[in-house]
Amino acid sequence: MTLIRTPADETEARAVQDDLRTRVVLDEPGPPPGAGLVTGVDVAYDDERGVVVAAAVVLDAATLDVVEETTASGRVAFPYVPGLLAFREIPTVLAALESLEHGPGLVVCDGYGLAHPRRFGLASHLGVLTGLPVIGVAKNPFTFAYDPPGGSRGDASPLVADDGAVVGRALRTQDGVKPVFVSVGHRVSLDNACAHTLALSPDFRIPESTRRADALCRRALREATAG
DNA sequence: GCGACAG
DNA sequence: ATCTTGTCGC
C-alpha cells in the first residue's frame with residue numbers, strides 16, 4: 001500500500017500541485033484506442049459517516065467486457081474544494097488500483113487533467129503518482145468556456161481557459177446529447193484521449209469504464225454503510 | 001468584495 | 001458528490 005500524506009490545508013495542497021505538475025508528461029501519444037485494457041475509476045462518499053469507497057473496473061478495450069473489478073474503502077481525509085478534488089479522491093483510488101491483479105492499461109477518471117486552474121487536475125495527479133497513462137472525462141465544463149460542438153457523435157470543440165489556452169475538448173459522444181469534457185492527464189495525447197472516450201461510449205454519453213466504476217463504488221458504499 | 005466552481 | 005417519484009421509451 002502506498003502512503004500518500006494528505007496536505008494539512010489548502011495552501012499546502014496547492015503547493016503540492018505546483019510541485020507535482022512539473023512531472024506531467026504530455027509528449028506521449030499513449031496506448032492506441034480499441035485494444036488492450038482500459039480501467040475506469042470512480043469514488044462515492046458518505047460524508048455523514050466520513051466513509052469513502054473507490055472502485056476500479058478493468059475493461060477489454062475491444063469488447064468493453066469486464067476483465068476485473070476491485071474496491072477499496074477509507075476515511076474521508078479532505079473536503080471538496082474546487083481545484084483540489086484530487087486530494088479527496090486519490091488515496092482511495094490508489095488503493096483500489098493497487099489491489100488489481102491486472103495492469104490497468106489506460107486509466108479513465110471522472111474529472112479533469114490539464115483542464116484545471118493550475119493545470120493539474122485529478123487525472124494528471126493520478127498519472128504522476130502511478131506513472132500510468134491517464135485521461136479525464138468530466139460531465140461539466142467547470143470554469144472553462146467552449147462553443148457547442150456539432151450535433152453528431154464525434155463532433156468536438158476546444159475547451160478554453162481564461163487565458164485562452166486550450167485545455168481540453170468538449171466531445172459529443174451521442175447524437176443530440178450534451179457533450180462530455182475530455183482533458184489529458186498524463187502520457188496521452190488529446191486526440192487519443194478523445195478517440196478512447198468515443199470508443200468507450202458506444203451507447204451512452206458517459207464512457208462505459210466510468211459507468212461501471214460508478215455503479216460499483218455506489219453499491220460497495222451501500223454495503224459498507226448498511227447497518 | 002462577491003460569486004462561481006470537476007466530484 | 002448526494003437528497004429523490006414518477007414517468008417516458010426501447
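Being a predicted model, the structure only gives us computed values, none of them experimental. Reminder, nothing fancy here: chain letters follow the sequence lines and each chain counts from 1.
Formation of a donor-acceptor pair under 3.5 Å by the A/Thr39 side chain with backbone atoms of A/Pro104 is found in this model.
Within the nucleic acid shown, A/Asp47 has no heavy atom closer than 4.0 Å to any nucleic acid atom. Residue contacts shown for A/Ile90 are absent, as no nucleic acid heavy atom lies under 4.0 Å away. Nucleic acid contact class of A/Gly136 (heavy atoms, under 4.0 Å, all strands): none. Residue A/Ala115 is out of contact with every strand shown, counting any heavy-atom pair closer than 4.0 Å. Backbone-only engagement by A/Tyr45 is indicated by non-hydrogen atom pairs under 4.0 Å involving sugar-phosphate atoms exclusively.
Between A/Glu89 atom CD and C/dT2 atom C1' there is a gap of 14 Å when expressed in whole angstrom units. To the nearest angstrom, C1' of C/dT2 lies 11 Å from CZ of A/Arg88. Rounded to whole Å, atom C1' of C/dC3 lies 14 Å from atom CG of A/Leu221. We find that CG of A/Asp42 is positioned 13 Å from C1' of C/dT2, with the value rounded to whole Å.
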Secondary structure of DNA chain B in dot-bracket form (Watson-Crick or G-U wobble, distances below 3.5 Å, | marking inter-strand pairs): .......
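For the pair A/Val41/A/Leu97, a side-chain contact is recorded, criterion being any heavy-atom separation below 4.5 Å from C-beta on.
What you find for A/Leu198 and A/Thr173 is that their closest heavy atoms are CD2-CA, 4.0 Å.
When ring centroids are compared, A/His116 and A/Phe142 stay outside the 6.0 Å threshold.
Ion pairing of A/Arg218 with A/Asp214 is present here, as a side-chain N (NZ or NE/NH1/NH2) and a carboxylate O approach within less than 4.0 Å. A/Asp47 has a carboxylate O that lies under 4.0 Å from a charged side-chain N of A/Arg88, or vice versa, which qualifies the two as a salt bridge.
Side chain to side chain, A/Glu89 and A/Tyr45 meet the donor-acceptor criterion of an N or O pair below 3.5 Å.
Heavy-atom contacts from other residues, nucleotides or ligands closer than 6.0 Å to CG of A/Asp162 number 12 or fewer.
Remark: A/Arg211 is positioned above the aromatic ring of A/Phe204, its terminal NZ or CZ atom under 6.0 angstrom from the ring centre and at most 45 degrees off the axis.
Read 5' to 3', the first and last nucleotides of DNA chain B with an atom closer than 4.0 Å to a heavy atom of chain A are B/dC5 to B/dG7.
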